[in-house]
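Everything below concerns the one structure shown next.
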Amino acid sequence: MTKIEGLGDWKRTQYCGEVSDKEIGNTVTLMGWVRTSRDHGGVIFIDLWDKTGIVQIVFSPQVSAEIHSRGASLKSEFVIAIKGNVRPRPQGTENTALPTGKIEVVVDEMKVLNESETPPFELDEEQIGEEVRLKYRYIDLRRERMQKNLLLRHKATQETRKFLTEKGFLEIETPFLARSTPEGARDYLIPSRLNPYSFYALTQSPQLFKQLLMVGGADKYFQLVRCFRDEDLRKDRQPEFTQIDMEMSFVEKEDIMEISESLMKRIFETAGHKIKTPFTKITYDEAISRYGVDKPDIRFGLELKDITDIAKQTDLKIFHQVLEKGGIVKAINVSGGAETLSIKVRNDLIEYIKGFGAGGLAWIEVKADSCHSPIVKYFKEEQLNRLKEVLGTKAGDLILIVADNKQITNTALGSLRMKLAEDLGLLKDVEPFSLVWVIDFPLLHYSMEENKLEFAHHPFTSPVEEDLKYLDSEPEKVKSKAYDVVLNGTEIASGSIRLHNRALQEQVFKTVGLSKEETEEKFGFLLEALKYGAPPHGGIAFGFDRLMAIMMGEDSIRDVIAFPKTQKGICLTTKAPSSVNEKQLKELHIKLDK
RNA sequence: GGGGUCGUAGUUCAGCUGGUUAGAACGCCUGCCUGUCACGCAGGAGGUCGCGAGUUCGAGCCUCGUCGACCCCGCCA
């Protein structure tokens, strides 16, 4: 049995990764974890690890037989403290791969502070299944990748606080336990013990509170804040996630954009990355038209082209069926695709596209002086020529065509575009980080399922003044003062100039069919606040986890969160959520329906 | 709510057309080794093939169900 000892009067003199040749000759006290040991029978080398790195410590029989044999008994991830002498490594045994590779520490005394079971996975192994990693997250966190991610995340949060403070922002906390509001995502509900049959909702975002702070004269607010949404999860969506939330008074959207760009610049600098500012701006309409999505990755081509006019003139029945229902036909041109995309791959793409509700995907191979495709016989020479012209094809290209209603066509082809970029390696030689503003969003959009108008952004977004005249007649034509930041095809921020005029806010509510009574019941407190000197204001919120993940080259936000949840919302480390006992339920007046 | 991929030793994986005793690497254990840093050498232990049914003379492999992880659609103002 290993004897476990207390620290006693031992004090750490420096971190493992900080021992350098400046300390040669000094006695140091180090503490950390046993990473790997190399036992040569005589001399024993151990890599001692802490968050700063690794230093080689040496157990030599020349010091004493006792310390040598105690060194031999150490196992992986034991926690130890050592006192020893720093000396240069013998000539020829330096390790240039290690920052501390010029020196080593000869152990004179050691305390074993704690033992460890053999870890369930190797800490220097890259490819470990996520399930095991999350179950033993505290061990996973000792690995270099997670250490790096957490450190960078820390630096980014600190830089954010520093930067916004310099700019005159106040960090103000807002409640998590809040009122459930009808719009938006599903709420996480918290029963109130003191108020039987009533529930709080965990905030989906501090949206309303930050607006109230503006009415309260805060002028410039920010918060690194947790948000909660009870929706299905993805690799970039966790039930609780972090936003950099900001709001400013007496500003227009250009002011928000400018401060956002500066903030992004500073954050990327913490990771040693330079980004281009100002960001490229693209309107919502243009994004949909050229990329099919409102979060375009503009680092590569493969742009969507509307070929509805050409399709109209062909004899292809499917096209005409789609057109009669008011649909559209769009296409992309895959350079060299006739060769690189086999028939089998094309069939896979068809399956992929069907996942978005599209009926199918047609293809046309472009040859030097002809076109090859099952549907080419329905095209006249002139139509094929126009098609080639619109898409800018050359011999060996492959045209991919989707015909469906506007939304499905754009979404399907836009997603296909991203998939092809990935599959064909189009993202290899592009700039690593491309930030884009998407602007001029519509204020409202029509929901087919709900059969009514809905808010495209959120209910407090200000319409563009010039479009107010359409609010009653053609509400879908009204543009809003909303803006998104898109990073490499992922939405990382969203914001808007808000409505601060009560009458206009009420008019907007009316447009989506909310009655005065309903709005009073649901948002009465905000409408009330707008009565009392609400300044013009606007803001933005950055999805901090997404930003961090992309900046660190991680595929999932789970890898930039210390304790993330699985796709079913389970914490594998703590086994939350769990059942609770009868007493707890009774206090909350809850009966389970099981 | 729906579609898909995966689940075999502690870990990462292989396991052919259903056929003898389920393999490899790393890790782990024992021994040897005084300059390694992916130390080396010799030996060894380690398996509910996620779980449950079914088909079959026989199932890691086929079928159905179920559980879990992941990816996607819907959803996420």
Side-chain angles (χ1 to χ4, degrees), chain A residues 35-48 54-63 68 72 75-77 89-98 100-101 104 106 117-136 139-140 181-187 204-205 207-208 227-239 241 348 351-358 408 411-412 415 418-419 441-445 447 449-450 453-461 480 482 484 491 494 496 512 541 543 555-556 558 565-568 570 572:
Chain A
R35 192 46 55 88
T36 54
S37 73
R38 297 172 290 279
D39 184 345
H40 288 255
V43 69
I44 299 164
F45 301 107
I46 281 177
D47 289 338
L48 190 65
I54 276 170
V55 65
Q56 174 165 284
I57 61 173
V58 185
F59 292 84
S60 167
Q62 282 164 353
V63 173
H68 176 253
K75 298 192 198 313
S76 191
E77 296 305 308
R89 294 196 188 187
Q91 195 130 45
T93 65
E94 298 95 343
N95 185 347
T96 49
L98 222 53
T100 58
E104 61 192 10
V106 187
E117 303 251 308
T118 302
F121 49 85
E122 288 159 67
L123 277 86
D124 55 0
E125 169 69 57
E126 272 297 314
Q127 308 284 31
I128 303 293
E130 201 172 4
E131 216 170 333
V132 205
R133 287 178 56 203
L134 291 182
K135 180 173 177 189
Y136 301 97
I139 301 173
D140 188 42
T181 50
E183 301 291 328
R186 191 177 292 112
D187 284 322
Q204 295 177 25
S205 80
Q207 181 61 38
L208 294 168
C227 302
F228 307 87
R229 296 180 189 175
D230 188 5
E231 294 293 346
D232 286 2
L233 309 178
R234 291 280 193 285
K235 62 179 172 178
D236 61 352
R237 277 161 38 184
Q238 283 277 302
F241 61 98
D348 290 346
E351 287 312 306
Y352 178 77
I353 228 107
K354 282 181 176 169
F356 295 88
I408 287 178
T411 309
S415 305
M418 290 303 290
K419 179 180 164 58
F441 280 83
L443 183 71
L444 306 160
H445 65 81
S447 163
E449 306 88 65
E450 304 279 328
L453 279 173
E454 290 182 338
F455 296 106
H457 187 61
H458 63 55
F460 323 109
T461 304
S480 73
D484 281 4
E491 180 200 313
S494 190
S496 64
V512 300
D555 190 47
S556 163
R558 293 188 297 273
K565 294 185 174 55
T566 69
Q567 200 157 54
K568 280 192 73 187
I570 290 167
L572 291 177

Task: A/His40 side-chain proximity, nearest of B/U34, B/A69, B/C70 - done: B/U34

Task: side-chain contact (heavy atoms from CB on, under 4.5 Å) partners for A/Ser496, two or more places apart - done: A/His457, A/His458, A/Thr461, A/Ala482, A/Arg498

Open item on the list: So if I take every side-chain heavy atom of A/Ile570 and compare against B/C28, B/A69, B/G35, which nucleotide ends up nearest?
Closed with: B/A69

TODO: Classify the nucleic acid contact of A/Ala97 as base, sugar-phosphate or nothing, counting any heavy atom under 4.0 Å across all strands shown.
DONE: nothing

Task: Identified pairing partner of B/G35, criterion: Watson-Crick or G-U wobble below 3.5 Å - done: none

- [ ] Rounded to the nearest angstrom, tell me the gap between atom NE2 in A/His445 and atom C1' in B/C75.
- [x] 12 Å

Task: Minimum-distance nucleotide (side-chain atoms of A/Gln567 versus B/G10, B/G35, B/C72) - done: B/C72

Task: Distance-only donor-acceptor test (3.5 Å): side chain A/Arg89, base B/U36 - done: yes

- [ ] Measure from the side-chain heavy atoms of A/Phe45 and tell me the nearest of B/C76, B/C70, B/G35.
- [x] B/G35

- [ ] With P as the reference atom in both, quote the distance from B/G4 to B/G65 in angstrom, rounded to an integer.
- [x] 11 Å

Task: Nearest-nucleotide pick for A/Glu131, side chain only, options being B/A69, B/C33, B/C76 - done: B/A69

Open item on the list: Base, sugar-phosphate or nothing for A/Arg133? Non-hydrogen atoms, less than 4.0 Å.
Closed with: nothing

TODO: State plainly whether the residues A/Arg133 and A/Asp140 are in salt-bridge range, i.e. N to O under 4.0 Å.
DONE: yes

- [ ] Would you indicate which nucleotide in B/G74, B/U34, B/U11 comes nearest to any side-chain atom of A/Val132?
- [x] B/U11

TODO: Determine, answering yes or no, if A/Phe121 is stacked on B/U11 under the 5.5 Å centre rule and the 30° plane rule.
DONE: no

Open item on the list: Is the shortest side-chain heavy-atom distance between A/Val43 and A/Phe45 below 4.5 Å?
Closed with: yes

TODO: Classify the side chain of A/Arg237 versus the base of B/C76 as yes if they form a donor-acceptor pair under 3.5 Å and no if they do not.
DONE: yes

Task: salt bridge (charged side-chain N to carboxylate O under 4.0 Å, His left out) partners of A/Glu231, counting only residues at least two apart - done: A/Arg186

Open item on the list: I need the minimum non-hydrogen distance between A/Thr100 and A/Arg89, along with the two atoms involved.
Closed with: O-NH2, 4.3 Å

TODO: Classify the nucleic acid contact of A/Ser480 as base, sugar-phosphate or nothing, counting any heavy atom under 4.0 Å across all strands shown.
DONE: nothing

Open item on the list: For a 4.5 angstrom cut-off between non-hydrogen side-chain atoms, does A/Asp47 reach A/Gln56?
Closed with: yes

TODO: From the options B/G35, B/C70, B/C76, select the nucleotide whose nearest atom is closest to the side chain of A/Gln56.
DONE: B/G35

Open item on the list: If the cut-off is 4.0 Å, is A/Arg234 near the phosphate of B/C73, judged by side-chain N/O to OP1 or OP2?
Closed with: yes

TODO: Identify the nucleotide, in any strand shown, that forms a Watson-Crick or G-U wobble pair with B/G7, with both distances under 3.5 Å; if there is none, say none.
DONE: B/C67

- [ ] When you get a sec, tell me which of B/G74, B/C37, B/G35 is the closest nucleotide to the side chain of A/Pro90?
- [x] B/G35

Task: Side-chain N,O (A/Lys75) to OP1/OP2 (B/C29) below 4.0 Å - done: yes

TODO: Ignoring hydrogens and angles, answer whether the base of B/C37 and the side-chain atoms of A/Asn95 contain a donor-acceptor pair closer than 3.5 Å.
DONE: yes

Task: Heavy-atom neighbours of A/Tyr352 OH exceed 12 at 6.0 Å - done: yes

Open item on the list: Heavy-atom nearest nucleotide on RNA chain B for A/Gly101 versus A/Ile128: which residue maps closer to 5'?
Closed with: A/Ile128

- [ ] Provide the Watson-Crick or G-U wobble partner of B/C29, both distances under 3.5 Å; none if there is no partner.
- [x] B/G43

Open item on the list: Please confirm whether the shortest side-chain N or O distance from A/Thr93 to OP1 or OP2 of B/U36 is below 4.0 Å.
Closed with: no

Task: 5′-ward residue of the pair A/Lys235/A/Ala185 relative to RNA chain B - done: A/Lys235

- [ ] Check if the side chain of A/Glu122 and the base of B/U12 share a donor-acceptor pair of N or O atoms closer than 3.5 Å.
- [x] no

- [ ] Return the nucleotide paired to B/A24: Watson-Crick means purine N1 to pyrimidine N3 with N6-O4 or O6-N4, wobble means G-U with N1-O2 and O6-N3, both under 3.5 Å.
- [x] B/U12

- [ ] Determine which nucleotide pairs with B/U55, using a 3.5 Å limit on both distances of a Watson-Crick or G-U wobble pair.
- [x] none

Open item on the list: Please tell me if A/Lys568 has a side-chain N or O lying less than 4.0 Å from either OP1 or OP2 of B/A69.
Closed with: no

TODO: Kindly indicate whether the side chain of A/Glu104 and the base of B/G35 share any N or O donor-acceptor pair separated by less than 3.5 Å?
DONE: yes

Open item on the list: Need the pair for B/G60. Rule: Watson-Crick or G-U wobble, both distances under 3.5 Å, any strand; none if unpaired.
Closed with: none

